[in-house]
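Scroll down for the structure; my scribbles are underneath it.
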Amino acid sequence: RITVTFNINNSIPPSVDDEPQEEQKPDEQEPDITSTPNFVVEVVKDDTKQTLVLDCHYPEDEIGQEGEEESDIFTIREVSFQPTGESDWKDTNYTLNTDSLDWALYDHLMDFLADRGVDNTFADELIELSTALEHQEYIKFLEDLKSFVKCQ
C-alpha cells in the first residue's frame, strides 16, 4: 500500500522580484504562482511491521525546466523506517539523509518509487492539485479575513 501526504502551507516558492520593473512591458505576464509542496511517500507491506518512509521535495532549480535530457523533477531528501500503524513517527529511528547516499542506491530508490507510480507524471499532477488547493484556500482565507475585519 502506498500513501502520499503533503501540506500546502509554505508551498509557494518566494518570488525573486517583488517590485515591478519599470522596463517591463505590459504584455509580459508574471510567471504563474505554483505550489510545490514537500511530500511524504509511505510504503507498507502486509508481511512487515515497518513502513518505508521517503521524504521528497521539489528542488527550486528544477521546477519548470525543460531540458534535452529527461530528469526527475523531485528528489528524495530522507529515507527511514517507521513502525506500521503508528500515527507519530519516532525521532529516535535512524533517518538516512540522501545527500551522502551512494548514487546507485539513490537511483534504485527512485526506480522503486517509479515502479509504484510515483514518477514525474505523478509529481506534475501533484503540483497541479496542490496549486488548485492552495489557490482555493487563499481565496477562502481572503474572504474570511475580509469578514473578520468588517466585524465590529
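One is the number of the first residue; the rest follow in order along the sequence. Owing to the predicted nature of the structure, the values given are computational and were not obtained by experimental measurement. For the numbers below, each heavy atom of this structure counts, side chains included, while hydrogens, waters and symmetry mates do not.
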Ignoring hydrogens and angles, write down the donor-acceptor pairs under 3.5 Å from the side chains of residues 37-56, residues two or more places apart or on other chains.
{"from": "T48", "atom 1": "OG1", "to": "K45", "atom 2": "O", "distance (Å)": "3.2"}
{"from": "T48", "atom 1": "OG1", "to": "Q50", "atom 2": "O", "distance (Å)": "3.2"}
{"from": "T51", "atom 1": "OG1", "to": "T84", "atom 2": "OG1", "distance (Å)": "3.0"}

Under 3.5 Å, which donor-acceptor pairs do the side chains of residues 96-106 form with other protein atoms, sequence neighbours left out?
{"from": "N97", "atom 1": "OD1", "to": "D99", "atom 2": "N", "distance (Å)": "2.8"}
{"from": "T98", "atom 1": "OG1", "to": "I76", "atom 2": "O", "distance (Å)": "2.5"}
{"from": "T98", "atom 1": "OG1", "to": "R77", "atom 2": "O", "distance (Å)": "3.1"}
{"from": "D102", "atom 1": "OD2", "to": "A104", "atom 2": "N", "distance (Å)": "3.2"}
{"from": "D102", "atom 1": "OD2", "to": "L105", "atom 2": "N", "distance (Å)": "3.4"}
{"from": "Y106", "atom 1": "OH", "to": "I76", "atom 2": "N", "distance (Å)": "3.0"}

Chi angles and distances behind the side-chain contact (heavy atoms from CB on, under 4.5 Å) call for F6, L133: CA-CA 11 Å; F6 66 98; L133 289 171; 4.1 Å; yes

Step-by-step side-chain contact (heavy atoms from CB on, under 4.5 Å) determination, I12 to T34: CA-CA 6 Å; I12 303 290; T34 309; over 6 Å; no

Verdict with supporting geometry, L113 and L109, side-chain contact (heavy atoms from CB on, under 4.5 Å): CA-CA 6 Å; L113 287 177; L109 288 172; over 6 Å; no

side-chain contact (heavy atoms from CB on, under 4.5 Å) between V4 and F122, worked out: CA-CA 11 Å; V4 177; F122 171 85; 3.8 Å; yes

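Taking every heavy atom of both residues into account, N93 and P83 meet most closely at ND2-CD, 3.6 Å.
A donor-acceptor contact shorter than 3.5 Å is absent between the side chain of Y94 and the backbone of F81. Using a distance-only test at 3.5 Å, with no hydrogens or angles considered, a donor-acceptor pair links the side chain of N7 to the main chain of N9.
Atoms CD and CG, on E143 and L145 in that order, are 11.0 Å from each other to the nearest 0.5 Å. The distance from atom CD of E78 to atom NE2 of H57, rounded to the nearest 0.5 Å, is 10.5 Å.
Within 6.0 Å of CG in N10 there are 12 or fewer heavy atoms belonging to other residues, nucleotides or ligands.
Applying the side chain to side chain donor-acceptor pair (under 3.5 Å) test to pairs two or more places apart or on separate chains, those with a residue in residues 129-142 are S35-S130, K140-D144.
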